[in-house]
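Notes for the one structure printed next.
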Amino acid sequence: MPTSVPGSSPQQRSHRGHRGYRGSRGFTLLELLVVLAIVALSAGVVTLALRDGDMAQLEEEGARLAALLEMARADARASGIAVSFVPVADANAPDAAQFRFVGLPAQRKLPTHWLHENVSAQIVGGTALVLGPEAILPPQRIVLRLADRRLELASDGLGPFAVAASPEQP
């Protein structure tokens, strides 16, 4: 039976849905969605892997300082000696201490330098953190800075020092 519409011959209709047909070109919608999903996942992983270097260093310093403060606090409570943490204001000399733990016994050696250069600490509302020997202390805060980044450690006086939420984070 003759037809006048192109593409309506029985031979072409039988091959239309077959992938090997020469006339079908391009990708299916499913293939495009799979590729887009892979690209989105890859972009997400890369974004998470590329963290801010200064902030990562500051977080490392914050975790280290929180551990050091808790060690000094435990020593102060156990020995009954008043211990405080004092950041050194002028620590530009090559071998100068950048912070000190005042009051610890001589045999107890705690670090006096930051792991990364240019880190500075500032006690909020004072010049030293009191770490003991009393079990209940007033709330205390310390701000760590590196370049334009800042990280705040805080304690309510009962609990350990931990990173506090900072509204000024860029």
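Side-chain atoms are counted along with the backbone in the values below, which use heavy atoms only and exclude waters and symmetry mates.
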Output all residues satisfying side-chain contact (heavy atoms from CB on, under 4.5 Å) with Leu29, sequence neighbours left out; order by chain, then residue number. Leu33

Would Leu104 and Leu137 show up in the same hydrophobic cluster when neighbours are defined by side-chain heavy atoms closer than 4.5 Å? no

Cluster link Leu110 to Ile142, ILVMFWY, side chain under 4.5 Å: yes

Got a sec: does the CD1 of Ile136 have more than 12 other heavy atoms crowding it under 6.0 Å? no

Where is the tightest heavy-atom contact between Asp54 and Ala147, given as atom of each residue plus distance? OD2-CB, 3.5 Å

Identify, with sequence neighbours excluded, every residue that meets side-chain contact (heavy atoms from CB on, under 4.5 Å) alongside Leu41. none

Verify the cluster assignment for Leu153 and Met55: are they in a single hydrophobic cluster under the rule of side-chain heavy atoms below 4.5 Å apart? yes

With side chain to side chain donor-acceptor pair (under 3.5 Å) as the rule and sequence neighbours excluded, what pairs involving residues 124-136 come up? none

List in chain and number order the residues that pass side-chain contact (heavy atoms from CB on, under 4.5 Å) with Val86, two or more places apart in sequence or in another chain; answer none if no residue qualifies. Ser84, Arg100, Val102, Ala128

Under 3.5 Å donor-acceptor pairs involving side-chain atoms of residues 61-77, not counting sequence neighbours:
| from | atom 1 | to | atom 2 | distance (Å) |
| --- | --- | --- | --- | --- |
| Glu61 | OE1 | Leu115 | N | 3.4 |
| Glu61 | OE2 | Leu115 | N | 2.6 |
| Glu61 | OE2 | His116 | N | 2.7 |
| Arg64 | NH1 | His113 | O | 2.9 |
| Arg64 | NH2 | His113 | O | 3.2 |
| Glu70 | OE2 | Phe161 | N | 2.9 |
| Arg73 | NH1 | Gly159 | O | 2.8 |
| Arg73 | NH2 | Ser155 | OG | 3.3 |
| Asp75 | OD2 | Arg108 | NE | 2.5 |
| Asp75 | OD2 | Arg108 | NH2 | 3.4 |
| Arg77 | NH2 | Ala135 | O | 2.9 |

So which atom in Arg141 and which in Leu129 form the shortest heavy-atom distance, rounded to 0.1 Å? O-CD2, 4.1 Å

Please determine whether residues Val163 and Leu144 belong to a single hydrophobic cluster, defined as Ile, Leu, Val, Met, Phe, Trp and Tyr linked transitively by side-chain heavy-atom distances below 4.5 Å. yes

Under the side-chain contact (heavy atoms from CB on, under 4.5 Å) rule, collect the residues that match up with Pro87, sequence neighbours excluded. Phe85, Ala121, Ile123

